[in-house]
Amino acid sequence: MTLAAVSDAGPLIHLAEIDSIELLSAFDSLLIPETVYEEIERGGLPDGIADLSYERVEAEGTEVEFEELDAGERAAIAVAREREVVLLTDDLAARESASADGIEVHGSIGVIALGYGRGLLDRDEAASRMRALQRETSLFVTEAVVERGIRMLDKQ
Amino acid sequence: MAAEISDRVREIAEARELPESEVFERALERGLEDLWEDLVLARYIDGELDREEAVERVGRTKVERVERERDLVEEDVDWGLNA
């Protein structure tokens with residue numbers, strides 16, 4: 001099955017912070033809205049993004065009903081809706097808004113699990129990267145929740 | 001790291017006009033509170049503590065937040081393993 005996704009800035013930054021941006025190659029197609037690209041470019045492009053295969057796209061319209069979200073999140077939701085692809089975001093509000101709109105949404109932890117599921121990582125490496133995501137990045141997630149996610153890897 | 005901690009303690013003590021010992025005491029209290037909440041939430045997530053007790057110890061907002069996180073992480077891992 002072909003797997004396509006559009007990402008807002010969060011997963012690109014968080015995965016880069018733990019040297020795991022290459023896991024986004026698990027997607028057959030990765031889209032980055034221009035607004036998101038400009039946003040991350042302002043803070044310095046994350047390491048490893050140059051080696052990644054992705055397409056920069058224009059969002060057809062920013063969604064007025066998501067005024068509480070930032071421009072990058074709105075653009076990513078617009079692309080996900082228009083192209084019917086998975087939305088990657090680590091922002092809780094963006095995730096809940098997009099989910100309520102019928103869009104399939106996942107975050108950086110899902111990308112690590114995907115890397116494991118597709119054989120890019122072994123179990124220990126996937127667990128180690130999930131812990132790094134919790135400890136070494138600005139992503140807020142409770143340690144016990146990450147440990148629960150790691151235990152789910154063992155049940156596969 | 002040790003030097004950085006000393007510098008910060010000194011700066012906070014000067015800015016707040018407190019003795020450095022008071023800054024250490026407050027830091028310990030604040031850090032201990034975080035560790036305590038982590039422990040309560042971990043016990044709740046692991047099923048060792050019921051919801052009511054967890055709410056009583058750390059408050060409803062934190063329990064609801066960790067429940068949302070748990071649901072999203074489970075959803076993500078399940079998807080990642082089966083996509």
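Note on naming: letters A, B, ... go to the chains in the order of the sequence lines (proteins, then strands), and numbering restarts at 1 for each one.
The two residues A:M152 and B:D78 come nearest to each other via the heavy atoms CE-N, 4.0 Å. Counting all heavy atoms, side chain and backbone alike, A:L3 lies closest to B:A83 at CD2-CB, 4.1 Å. The two atoms that bring B:A42 and A:A144 nearest to each other are CA-CB, 3.4 Å, heavy atoms only. Of all heavy-atom pairs spanning A:V86 and B:W79, the tightest one is CG1-CZ2, 4.4 Å. Between A:V105 and B:E75 the shortest heavy-atom distance is O-OE2, 4.0 Å.
Surrounding CD of A:E34 are more than 12 heavy atoms belonging to other residues, nucleotides or ligands, all under 6.0 Å away. For B:E22, the CD atom is densely surrounded, since the number of other residues' heavy atoms within 6.0 Å is greater than 12. Other residues, nucleotides and ligands contribute over 12 non-hydrogen atoms within 6.0 Å of the CZ atom of A:R123. Under a cut-off of 6.0 angstrom, the local environment of CG in B:D71 is crowded, with over 12 non-hydrogen atoms contributed by other residues, nucleotides or ligands. Within 6.0 Å of CD in B:E17 there are 12 or fewer heavy atoms belonging to other residues, nucleotides or ligands. For B:R51, the CZ atom counts as densely surrounded, since its 6.0 Å shell holds more than 12 non-hydrogen atoms of other residues, nucleotides or ligands.
When each of A:A126, A:G110, A:G149, A:G107 is checked for heavy-atom pairs under 4.5 Å with chain B, A:G110 comes out on top. For the set B:L72, B:V66, B:L41, B:I45, the entry with the most heavy-atom pairs within less than 4.5 Å of chain A is B:L72.
Atom-to-atom distance recorded for A:T142:OG1 and B:K62:NZ is 10.5 Å, nearest 0.5 angstrom.
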Please assess B:D46 against A:R151 for the test side-chain contact (heavy atoms from CB on, under 4.5 Å), listing each intermediate value before the final yes or no. CA-CA 11 Å; B:D46 293 342; A:R151 285 197 295 277; 3.0 Å; yes
Might you work through the side-chain contact (heavy atoms from CB on, under 4.5 Å) test for A:L153 and B:V77, ending with a clear yes or no? CA-CA 7 Å; A:L153 298 178; B:V77 175; 4.0 Å; yes
When you look at A:V141 and B:V73, which way does the side-chain contact (heavy atoms from CB on, under 4.5 Å) test go after all the steps? CA-CA 9 Å; A:V141 59; B:V73 165; 4.2 Å; yes
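If you measure heavy-atom distances from A:L92 to chain B, the contacts under 4.5 Å come from the side chain alone. For a residue to count as touching a neighbouring chain, one of its non-hydrogen atoms must lie under 4.5 Å from one of that chain's; by this rule B:R43 does not touch chain A. Contacts between A:E96 and chain B at a heavy-atom distance below 4.5 Å involve the side chain alone, from C-beta outward. In this structure, no portion of B:L39 lies under 4.5 Å from any heavy atom of chain A. For chain B, the nearby parts of A:I109 are the backbone and the side chain; heavy atoms of each come within less than 4.5 Å.
Looking at heavy atoms from C-beta onward, A:R95 lies out of side-chain contact with B:R68 at the 4.5 angstrom threshold.
Side chain of A:E143 to main chain of B:D38: no donor-acceptor pair is present (N/O by atom type, distance under 3.5 Å, no hydrogens or angles). A donor-acceptor pair is defined here as one N or O able to donate and one able to accept, closer than 3.5 Å; no such pair exists between the side chain of A:R148 and the backbone of B:R70.
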